[in-house]
Amino acid sequence: MRILVIGSGGREHALVWKLAQSPCVTDLWCAPGNAGIAQERLAGSGAQVQCVNLGVEDLPPLQTFARENQADLTVVGPDNPLALGIVDLFRRHGLCIWGPNQSAARFESSKVFSQQFMEKYGIPTARAGTFADAAAASRFAASLGGCCAVKADGLALGKGVLICRDMAQADRAIEEVLVRKSFGTAGATIVIQELLEGMEITLHALCDGRTAKLFPTSQDHKRALDGDAGLNTGGMGAYSPAPFLSDAELAEAGRKILDPWLRGCAAEGIDFQGILYPGVMLTKDGPKVLEFNARFGDPETQVYLTRLESDLAELLVASAEGCLANTDLKWSAMPSVCVVMASAGYPGSYAKGQPIHGLAEAARLPNTKVFHAGTARSGDQIVTAGGRVLGVTAWAKDLRGARDAAYAAVETIRFEGAQFRRDIAAKALR
Ligand code: AMP
Ligand code: GLY
């Protein structure tokens, strides 16, 4: 099988690494990829993974590449090409591609669509309203005592959610999004949700349009600094499983979210083939969905795929072809922990081009995999090229062992200004 992966982050390195282990994969490309992806080799033939110099939003050139190279499957990592309709474009040209089509990707690309869908089909979520008018939005925020999450409808590079704890903050947030249009047209309408209290976890389900297969739990660490302080980031680390739900509670949460979601998709004619990623708050009234994403999480993918025992290529083909019902997802019992090493200044501005040392040493550690996110090759060196640089991932027979192994690998790696959280998985080990 000949596969093209689209994206360049840690998630895509994990996808490529796992796909490369599949005996049926004969050719593997990644557009645009990164320095770590370019080092991967196929388990079957030993052939090297090829990085292709095309951006994730270069839809027509990506389609041409897949056609000319006879890719049997294209796997989409990030959300922006999905929202732009890459799946619809490839299918119109008769190409097999994995990911939700543009209509199905609205679960992530439109918070208004998602919220209204959840309410219509009885998916447990926060009390919420949707608004285009600032005065009406402010009245609703006041009914929540100002404790609310103000969310721009559209994609806003992960920055479109403003958490407010009083009316002054809520009015400032409404003003910023609806009136001053800080997120452009993404903020033409907003969702205001009540603030939910509890432990936040990540769920993933692989879907084929009719069937949804739930993954184990995981937990991301979105803030830049220890103790969940500092700015929101793309994610500074993750681990799986998150031990806040028993297997029975996870199955129950899956039923309460996925059964009505599948019913709603059928009723609305939405054919969702890809990963549904609900962000979930475990409240005292049970799990509630904060938002849906329509792709693999980053860095959750790094911990999920180091635990997945099934053949990922086979699973993604089954998902794209609508025959997931006959497949099984097998998971290692070993917990996995990913610690993100980021550039100094991230998520604000940061320097690039810093040489990274110690990668060869880390590669020799057992049960450890260093996924690259923002890296590039410069001569014979690998250098930093993004905010999140590496996802240092390790697995072991228990979570403490996995955490210790991940941090031991972090200690072998050095680059100027490297910053990372020291408390990944700490909530689970308390
Ligand atoms: P998002 O960009 O939608 O992932 O939201 C960013 C973060 O804001 C989430 O990961 C939560 O930590 C937080 N958040 C979003 N909605 C709510 C809510 N209704 N209550 C509490 N926290 C929320
Ligand atoms: N882990 C956060 C995200 O992928 O959006």
Side-chain angles (χ1 to χ4, degrees), residues 106-156 158-180 182-183 186-203 217 219-223 228-229 231-232 242 244-245 249 252-261 264 276-294 297 427:
R106 281 179 300 165
F107 282 107
E108 176 158 7
S109 64
S110 169
K111 291 205 170 6
V112 170
F113 167 80
S114 245
Q115 189 68 37
Q116 290 176 345
F117 183 98
M118 287 196 274
E119 287 166 16
K120 184 167 176 190
Y121 293 101
I123 296 169
T125 180
R127 218 179 109 211
T130 63
F131 305 92
D133 173 67
S138 177
R139 282 195 297 278
F140 183 73
S143 78
L144 300 170
C147 278
C148 61
V150 174
K151 305 187 172 190
D153 175 46
L155 296 179
K159 299 197 169 100
V161 176
L162 303 169
I163 302 294
C164 312
R165 307 227 171 246
D166 59 40
M167 258 331 274
Q169 290 177 352
D171 276 332
R172 264 203 308 278
I174 293 165
E175 162 90 13
E176 182 174 345
V177 186
L178 271 185
V179 184
R180 282 196 286 124
S182 299
F183 304 110
T189 49
I190 58 174
V191 172
I192 299 185
Q193 289 181 330
E194 68 176 322
L195 269 198
L196 295 176
E197 304 288 343
M199 184 69 87
E200 189 177 343
I201 61 163
T202 292
L203 297 183
T217 51
Q219 187 171 50
D220 186 14
H221 298 66
K222 291 197 183 182
R223 299 294 182 138
D228 294 331
L231 294 172
N232 229 354
F244 312 111
L245 290 179
E249 286 165 335
E252 161 92 356
R255 271 194 300 279
K256 282 203 171 134
I257 296 166
L258 296 174
D259 288 0
W261 180 78
L276 184 73
Y277 159 0
V280 170
M281 193 72 93
L282 302 177
T283 74
K284 63 177 180 4
D285 305 318
K288 293 189 178 177
V289 178
L290 296 175
E291 55 158 4
F292 285 123
N293 297 308
K427 286 192 193 104

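Just so you know, these numbers use all the heavy atoms, side chains as well, and skip hydrogens, waters and symmetry mates.
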*Asks:* Mind checking what makes side-chain contact (heavy atoms from CB on, under 4.5 Å) contact with Ala136, not counting sequence neighbours?
*Replies:*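 If we apply the side-chain contact (heavy atoms from CB on, under 4.5 Å) test to Ala136, skipping adjacent residues, the hits are Phe131, Asp133, Arg139.
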*Asks:* Does the side chain of Ile257 reach to within under 4.5 Å of the side chain of Val280, using non-hydrogen atoms?
*Replies:*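 Side chain of Ile257 against side chain of Val280, heavy atoms only: contact under 4.5 Å found.
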*Asks:* Go through Leu162 and Arg172 one step at a time and tell me if the side-chain contact (heavy atoms from CB on, under 4.5 Å) criterion holds.
*Replies:* CA-CA 10 Å; Leu162 303 169; Arg172 264 203 308 278; over 6 Å; no
*Asks:* Is there a donor-acceptor pair under 3.5 Å between the side chain of Glu194 and the backbone N or O of Cys147?
*Replies:*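 A pair under 3.5 Å: no.
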*Asks:* Enter the distance from Asn293:CG to Ser109:OG here, rounded to the nearest 0.5 Å.
*Replies:*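 Answer for the CG-OG pair, Asn293 versus Ser109, is 11.0 Å.
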*Asks:* Quick test of your reading of the model: are Glu252 and Lys256 salt-bridged, counting only N-O distances below 4.0 Å?
*Replies:*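 Yes, Glu252 and Lys256 are salt-bridged.
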*Asks:* Are any non-hydrogen side-chain atoms of Val150 and Gln169 less than 4.5 angstrom apart?
*Replies:*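 Val150 vs Gln169: side chains apart.
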*Asks:* Going by the rule ring pair (Phe, Tyr, Trp, His ring centres under 6.0 Å), which residues pair with Phe107 if we only count those two or more places apart in sequence or in a different chain?
*Replies:*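 By the ring pair (Phe, Tyr, Trp, His ring centres under 6.0 Å) rule, Phe107 matches Phe113, Phe117, Trp261, Phe292.
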*Asks:* Roughly how far, to the nearest 0.5 Å, is CD1 of Ile174 from CD1 of Ile190?
*Replies:*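 Rounded to the nearest 0.5 Å, the CD1-CD1 separation comes out at 5.0 Å.
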*Asks:* Is there side-chain contact between Glu291 and Val191, with heavy atoms separated by less than 4.5 Å?
*Replies:*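 No, their side chains stay 4.5 Å or more apart.
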*Asks:* Closest heavy-atom contact between Leu178 and Ala188?
*Replies:*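 Scanning both residues, the minimum pair turns out to be CD2-O, 3.4 Å.
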*Asks:* So Ser143 and Arg127, side-chain contact (heavy atoms from CB on, under 4.5 Å) or not? Walk me through it.
*Replies:* CA-CA 11 Å; Ser143 78; Arg127 218 179 109 211; 3.8 Å; yes
*Asks:* Could you give the distance from OG1 (Thr130) to CD1 (Ile192), rounded to the nearest 0.5 Å?
*Replies:*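 Going from OG1 on Thr130 over to CD1 on Ile192, the span is 9.5 Å.
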*Asks:* Which heavy atom of Ala141 sits nearest a heavy atom of Ala170, and at what distance?
*Replies:*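 It is CB-CB, 4.0 Å.
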*Asks:* Are Ser138 and Met167 close enough, and set up right, to give a side-chain contact (heavy atoms from CB on, under 4.5 Å), and what steps lead you there?
*Replies:* CA-CA 8 Å; Ser138 177; Met167 258 331 274; 3.6 Å; yes
*Asks:* Which pair of heavy atoms, one from Gly297 and one from Tyr277, lies closest together, and at what distance?
*Replies:*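 Minimum heavy-atom contact is CA-CE2, 3.4 Å.
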*Asks:* At their closest point, which heavy atom of Asn232 faces which heavy atom of Lys222, and how far apart are they?
*Replies:*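 The answer is OD1-CB, 3.3 Å.
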*Asks:* In Å and rounded to the nearest 0.5 Å, what is the NZ to OG1 distance from Lys288 to Thr283?
*Replies:*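 Reported to 0.5 Å precision, the distance equals 4.5 Å.
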*Asks:* Under 4.5 Å between any side-chain heavy atoms of Met118 and Pro278, yes or no?
*Replies:*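 Of all side-chain heavy-atom pairs linking Pro278 with Met118, none is under 4.5 Å.
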*Asks:* Is it the case that the side chain of Asp153 and the backbone of Lys111 share a donor-acceptor pair, with hydrogens and angles ignored and the cut-off at 3.5 Å?
*Replies:*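 Looks like yes, one N/O pair under 3.5 Å.
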*Asks:* Can you tell me how far SG of Cys164 sits from CG of Leu195, rounded to the nearest 0.5 angstrom?
*Replies:*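 Between Leu195 CG and Cys164 SG, I get 7.5 Å after rounding to 0.5 Å.
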*Asks:* How about Thr217 and Leu203: do any of their side-chain heavy atoms sit closer than 4.5 Å?
*Replies:*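 SC-SC contact between Thr217 and Leu203 confirmed.
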*Asks:* If you take all heavy atoms of Gly187 and Ala152, which pair is closest and at what distance?
*Replies:*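 Shortest heavy-atom separation between Gly187 and Ala152 comes out as CA-CB, 4.0 Å.
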*Asks:* Keeping Ser182 on the side-chain end and Glu176 on the backbone end, is there a donor-acceptor pair under 3.5 Å?
*Replies:*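 Yes, the answer is positive, given that a donor and an acceptor are paired below the 3.5 Å cut-off.
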*Asks:* Could you walk me through whether Gln193 and Gln115 pass the side-chain hydrogen bond (donor to acceptor under 3.5 Å, both in side chains) check?
*Replies:* CA-CA 9 Å; Gln193 289 181 330; Gln115 189 68 37; 2.9 Å; yes
*Asks:* To the closest 0.5 Å, what do you measure between CD (Gln219) and NZ (Lys427)?
*Replies:*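 Gln219 CD to Lys427 NZ: 4.5 Å, rounded to 0.5 Å.
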